[in-house]
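I have a structure I would like to understand better, so I am pasting it below and will then ask my questions one at a time.
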Amino acid sequence: MTHASYWTASDGTQLHYHYDDFTDPWKEAPLVVLLHPGLGSALRLFAWVPHLARSYRVVRPDIRGHGKSEPGPDGGLTHERLALDLTELVDHCGAQRAHVMGSSAGGMIAGRTALRHPQRFASLALYAATAGIPPSRPAKGNWLERVGRDGVRKFLEETARDRIGDASAEHLRWYIDSAEGVTPQFLARFVPLMASDDFTERLRELEMPIMLGVPDPDPMVERSEYARMREYVRDLTYVEFPGASHSMTAEIPDACALAYAGFLAKVQAR
Amino acid sequence: MKQTFTTSDGVRLAYYIDDYTDPWKTPATLLMLHSAMSSAKRFYSMVPGLAAHYRVIRLDSRGHGESEVPPPHVPHNRERLNQDVLELLDTLGVEKTHILAGSAGGYTGQLLAIHEPHRVKSLMLFSATPGFKGDQGKRWLRESATRGMRAVFGETIDERIPVAETDPRLVEWVLGEICRNDLKWLERFIGLWTDTWFMDEISKIQCPTLIVEPGAHPIGTGSAFAEMEQRIPKAERIVYPNGRHNLYDYLPERCVADALAFLRKHFPEEHAPSPYPLPARGERVTTQS
């Protein structure tokens, strides 16, 4: 069964998600949540679905302010609110716990949610995602200033090479189109929130199995950031993707999803 | 997600589209046609594997699944079943399609390849011969009318799925799905195919054709598969040793793998590798606990 639907979060915001389920109808299949990167939408992760949806119910939310999800009230964007968006969605899908994969900023949301609500996580996977954005990173590329001045499309076009490597022109156009929905106004709230609160050292509090999927080297993230995360994760599966770009989850989705399916199978077998 | 259209003789049919191919490319279409007493839903386990490479369309054939049961006065014949498929393809703007079919869905698949060759790119036939001769079908219907479908198909389920080797919940689910069907409609639908045998016509099938034969031959005419391979010019045949009739229900992964291997061989252009070599460079995995 597949559908795309709206649901209402507890603060009244209309949020959107895609749902794909080809599991055996007599089984209660585990839930997998795939969180897209910032400046993206759930569309970015479509190619992961066929690798996962025979064994798992796969839900791909549009993070609030992205895709078809509303941004929510001004001043209402907090780490706790983003965490609730995730746990309430898991409730909405009728699950106690979920395997959660987050890509880049989606991974930061997933990681912070895992610290707040660890009992809702069967596992956590972070692809090209650090535990927060060091203050130097967005400033380095003048992100917000450029997005505010030029718009999301132009900003993505100009930084495309670091994000999605040597993708074909058509692939690149789709990559930019699939950011449709997010606005500079929302990003002015979202990016500083993502950059606040580095939780690298708090990763040691997490007991669930954790996978780190890391582009080697990541053109947008210092190697040392990932190396630091490795030190603090207790139950770690670390997968490097040589030559991948920062938006690896949309650049080489099959390789990413296959590695993730392997991780999930291992976790499920425990 | 279910979609519907209304045929030229006024019957509302349901269909489903699944497509996980790259949105910036134009995928080829693969149409799945289910057997008698089945529905598009029963192909669920084959969809992800196929829809990663093809735009997959599944039709609930008239009187089955979420499609309307035609009223008794609406004529029923094999041309009408062909027409349903052609009208669906027209509705969706599909000029030409691959057809993957199980059993009776494959009767229509073959007849389309014979009579509308320009609409069919390839045929993948699972447990499908050119019609269904013999009195097996009539016996199911006669006995179901007196003893109920559950009793009749429960007793003979091992012809469809090897019960001893299969998750009992799958067996139970398939049986439940079989018994949801409208018996009066099945009398018309199976009745039509029971009186049909078109082995003499299949030499006209020009497209590449994959014949998957259930080795145990529990239903229909077992010797027909080898004869089909001889008669259809571009046929190839795979036998699943000791296979039962409903291969598509209990061996979905194997069916998908064989279908994709066949498609890759005959239509390599539909399986173009990624333009850049990243995935091939592989990954380095380290685990620490």
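Each chain gets a letter, A, B and so on, in the order its sequence line appears, and its residues count up from 1.
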Do A:F46 and B:D19 pass the side chain to side chain contact (heavy atoms under 4.5 Å, CB included) test, and can you show the C-alpha distance, the side-chain angles, and the key distance before you say yes or no?
CA-CA 9 Å; A:F46 78 92; B:D19 181 359; over 6 Å; no

Measure up the B:W24 and A:H171 rings against each other and bin them: parallel (under 30°), tilted (30 to 60°), perpendicular (over 60°).
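Correct class here is parallel.
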
Please identify each residue that fulfils side chain to side chain donor-acceptor pair (under 3.5 Å) with B:S67, with sequence neighbours left out.
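B:S67 satisfies side chain to side chain donor-acceptor pair (under 3.5 Å) with no other residue.
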
Using a cut-off of 6.0 Å, state whether more than 12 heavy atoms not belonging to A:K68 lie near its atom NZ.
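Open: at most 12 neighbouring heavy atoms sit under 6.0 Å from NZ of A:K68.
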
CA sep, side-chain torsions, deciding dist, call: A:R54, B:E253, side chain to side chain contact (heavy atoms under 4.5 Å, CB included):
CA-CA 10 Å; A:R54 259 300 279 142; B:E253 275 76 20; 3.3 Å; yes

Sort B:L170 into side chain, backbone, both or neither according to what part of it lies under 4.5 angstrom from a heavy atom of chain A.
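For B:L170, backbone and side chain are both near chain A.
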
At a 4.5 Å cut-off on heavy atoms, which part of A:D24 comes close to chain B: side chain, backbone, both, or neither?
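Its backbone and side chain both get close to chain B.
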
What is the distance from atom OG of A:S5 to atom CE of B:M1, rounded to the nearest 0.5 Å?
8.5 Å

Of all heavy-atom pairs linking B:Y20 and A:T2, the shortest is OH-CG2, 3.5 Å

Could you please spell out the steps behind the side chain to side chain contact (heavy atoms under 4.5 Å, CB included) verdict for B:R169 and A:K27?
CA-CA 9 Å; B:R169 294 171 299 177; A:K27 286 182 190 158; 3.9 Å; yes

How many angstroms lie between CG in B:D22 and CH2 in A:W174, if you round to the nearest 0.5 Å?
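If I round to the nearest 0.5 Å, the distance is 8.0 Å.
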
Do A:T23 and B:Y44 have side chains that approach each other closer than 4.5 Å (heavy atoms only, starting at C-beta)?
no

Residues, nucleotides or ligands: over 12 heavy atoms within 6.0 Å of B:R264 CZ
yes

Might you confirm whether atom CD of A:Q96 has over 12 heavy atoms from other residues, nucleotides or ligands at distances under 6.0 Å?
no

Mutual orientation of the aromatic rings belonging to B:W173 and A:W26 [parallel < 30°, tilted 30-60°, perpendicular > 60°]
tilted

Region of B:A52 in contact with chain A, defined by heavy-atom distances below 4.5 Å:
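Both backbone and side chain.
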
